[in-house]
Amino acid sequence: MERPLDYLNNCVRDDRLIGCNNCQFKELAQELYLELTQLLTYKSTLKIILAEREPERFLAGFIAACAANCPVFLCNPDWGKQEWQQVFDLVQPDIVWGMREEDAVRKLESWRFPSSPNFRTRRGTRGNGDTRKWGHFHLPNPPHPPHPHSALSTQLSTQHSALSTQHSTQHSALIMIPTGGSSGQIKFAMHTWETLMASVRGFTEYFQIKQVNSFCVLPLYHVSGLMQFMRSFATGGQLAILPFKTVESGQIYNINPSEFFISLVPTQLQRLLQNPQLTEWLTQFATVLLGGAPAWSELLEKARFHSIRLAPTYGMTETASQIATLKPDDFLNGKINSGQILPHAQIKICDRQGEGLDSNQTGNITIETKSLALGYYPHTWSDRNYFQVDDLGFFDEQGYLNIVGRSSEKIITGGENIYPAEIESAIRETQMIADICVIGVSDKYWGQALTALYVPKNSNTSTLEIQSVLKDKLSKFKIPKHWIPLPTLPRNSQGKINRQQLQQIATEFLFSTND
Ligand SMILES: O=C(O)CCC(=O)c1ccccc1C(=O)O
C-alpha cells in the first residue's frame, strides 16, 4: 500500500497528527482531491502552488495533489516579492493554495505577472463558495462552464466511493521541492512519490524500525520538514508539528520524546542548548537528527556533554534528505562525522579525473541513490545514475563518511589550499565570537586573502586577542588576514549562510577602509 490517498483512507488511528485536527485534515484532503479530479475534466494537468501556513491544510493539499497526479510546487509563504515573482514566472500555476485571493491578486497585479496580463481569478468549486477560508484560487478560468450543481454533486459522490480503488496505476505526480534560496535563486528539485518513498525505506531500514514518530519543528515546504511527514505518514507513525518559535518559548506537546525522532538544523540545536529545560527535554528524544548546514565541533561537543542522542546527517533536497547518518550511539561514543551510507544510496569518492579513491583520501563526492530527484523543474537530468555534488570528503577505515568542505569554497592563499570549515571551527572554539564565516577575498600578494566575518560575543573583544588564541591552534597561513565585525551574518531559515552576500560586504569593507 504505497499510494497517497490509500494511506489517508486506511489510517485507522485518529491521533496521527498531533496538534492538528485529524478529521479536518482527512476531510479537507478528500475535498481538495475531488475538486482536482473535477477540474481535471476540463484541463489535462493542473500546476499547483502550495503555500499554506496551517500544517493540516498544507498536508491535505499535498496529499490531494499527489493523489490526483497534479504537479505540486511547495512554497514558502514568507518569500519576498522577488522570489514570488521568480516562482510565478517559472511555474505559471493553474491553482494557488494558501495565499488569500485578494493578496494574491494584488501581488500579482502589482508585479505585472508577465505571462498572463489579463488574468482573472475564479471562486473554487466548493459548494459553499467560501474560498477565502481555504485561501485558494484558480487561474485562469477553465475553458468550459462548470456542470450544473446537481450533476456536479452526483459525480462527486460516485467518485467519493471509488477513492481508494482509483489511481491504481503507478503514482508519478511531480513533487517540486524548493532549494537554493540562500543565494537568491530558487530552484525546484523534481521528486515523485516514489523517490520520496525510496528515502523513507532507506531510513526505516537503516534505523531498523517499522514506524517512525516525528516531532517536526522545520517548515513542511522544506525537504527536512516534508520528509518527517513522509516517514510518519508512510509508516503509520505519529507526527507532531510545532513552529520552532513555540518550542523555544517552552510550549511543547505532552508526548513521550523517547518514542520520537526530531530533526534540527545546527542553529536550532544551539538555541535549545542555551535553555536548560529544553536541553533536558532534548536529551529524552530517541534520536535528534541534525542536518541542513555544517555543524561545528563546539556545538557537537556540547550536545555530547548533555548526552543528547544526536545523529548528524548528510543529504540534500536533491536526494530527498539524508543519505548518510551517524547513529546516536556512535555519536555518544565520540565519533564526529556523517556516519554510514543509508541502504538506498551509494557514495563514491573520486579524484579530479573521476578515478575512485581509497579510504582516508579526500576527493569529490558522487552520489547514486534511488531517492534522487529527476532534475530541476522543468528540466530532467539525462543521467540519473550519478549525481555530482560540490562537496569534498573521504571515507575512514570503518566506512564512515567525513565531509571536508565545499569544493567551490576552497580558498587558495599563498599557494596553500584551505577549506573555510576548518578555520571557522577553530575560531568558534575560542568562544570569543557569536557567529563566524571565513571567505577568500582576492589579493594581489596572496592570490586570495583569508577573511573572517564575525559577530563579536562582547563589544570589547579585540581581534588581536582572537588571533593570539588561534596562534596555538592553527598554522600561520590559516589565520585570517582580515577581520570584519558585523551585527549578524546573513543566514536563511535553515541556518545556511549567504556567502555571496558576505563576499560583497567584505569587498566593500576592505575597499572603503583601504586595508
Ligand atoms: O540540507 C538539506 O537540504 C537537507 C537537510 C535535511 O533534510 C535535514 C535537516 C535537518 C535534520 C535532518 C535532515 C534530514 O536529512 O532528514
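Predicted model only: the values in this text are computed from it and were never measured. Atoms within a ligand are numbered from 1 in the order they appear, just like the ligands themselves.
Against a heavy-atom cut-off of under 4.0 Å, G315 is close to the following atoms of ligand 1: 1 (O), 2 (C), 4 (C). Under a 4.0 Å criterion applied to the non-hydrogen atoms of L289, ligand 1 contributes the atoms 11 (C), 12 (C). Close approach to V223 involves these atoms of ligand 1, each under 4.0 Å from a residue heavy atom: 3 (O), 4 (C), 7 (O).
Within the cation-pi definition used here (under 6.0 Å to the ring centroid, within 45° of the axis), R304 qualifies as a partner of F331.
With respect to R499 and E424, a salt bridge is recorded, a charged nitrogen being found less than 4.0 Å from a carboxylate O. Ion pair R406/D390 flagged as a salt bridge, since at least one NZ, NE, NH1 or NH2 atom sits closer than 4.0 Å to an Asp/Glu carboxylate oxygen.
With rounding to the nearest 0.5 Å, the separation of SG in C350 from NZ in K348 is 7.0 Å. Here the straight-line distance linking atom CG of L392 with atom CD1 of I403 works out to 8.5 Å at 0.5 Å rounding.
For atom 13 (C) of ligand 1, the nearest non-hydrogen atom of the protein is T313 OG1, 4.0 Å. Annotation: atom 11 (C) of ligand 1 to nearest protein heavy atom, G291 N, 3.4 Å. Distance from atom 7 (O) of ligand 1 to its nearest protein heavy atom, with residue and atom name: S321 CB, 3.3 Å. Ranking the protein heavy atoms by distance from atom 8 (C) of ligand 1 puts S224 CB, 3.6 Å first.
In this structure, F188 has its ring center at least 6.0 angstrom away from the ring center of Y376. Taking the centre of each ring, F88 and W79 stay at or above the 6.0 Å mark.
Of all the heavy atoms of L264, the ones lying under 4.0 Å from any atom of ligand 1 belong exclusively to the backbone. At a 4.0 Å heavy-atom cut-off, ligand 1 does not touch Q268 at all. Contact annotation for E318 and ligand 1: no heavy atom of the residue comes within less than 4.0 Å of the ligand. Of all the heavy atoms of T317, the ones lying under 4.0 Å from any atom of ligand 1 are found in both the backbone and the side chain.
The heavy atom nearest to atom 14 (C) of ligand 1, out of those in Q322, H222, M316, is found in Q322. Ranked by closest heavy atom to atom 5 (C) of ligand 1, the top entry among P266, G292, A293, A311 is G292.
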Mind running ring pair (Phe, Tyr, Trp, His ring centres under 6.0 Å) on F215 and W281 for me, showing each step along the way?
-> CA-CA 12 Å; F215 197 106; W281 178 67; 5.3 Å; yes
Verdict with supporting geometry, F203 and F261, ring pair (Phe, Tyr, Trp, His ring centres under 6.0 Å) | CA-CA 12 Å; F203 185 94; F261 285 80; 5.1 Å; yes
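Remark: ligand 1 and S263 share no N or O pair separated by less than 3.5 Å (distance only, no angle test).
Under the 4.0 angstrom criterion for non-hydrogen atoms, Q228 is not in contact with ligand 1. Residue contact annotation: M227 has no non-hydrogen atom under 4.0 Å from ligand 1.
Checking side-chain atoms of T369 against main-chain N and O of H344 turns up a donor-acceptor pair under 3.5 Å.
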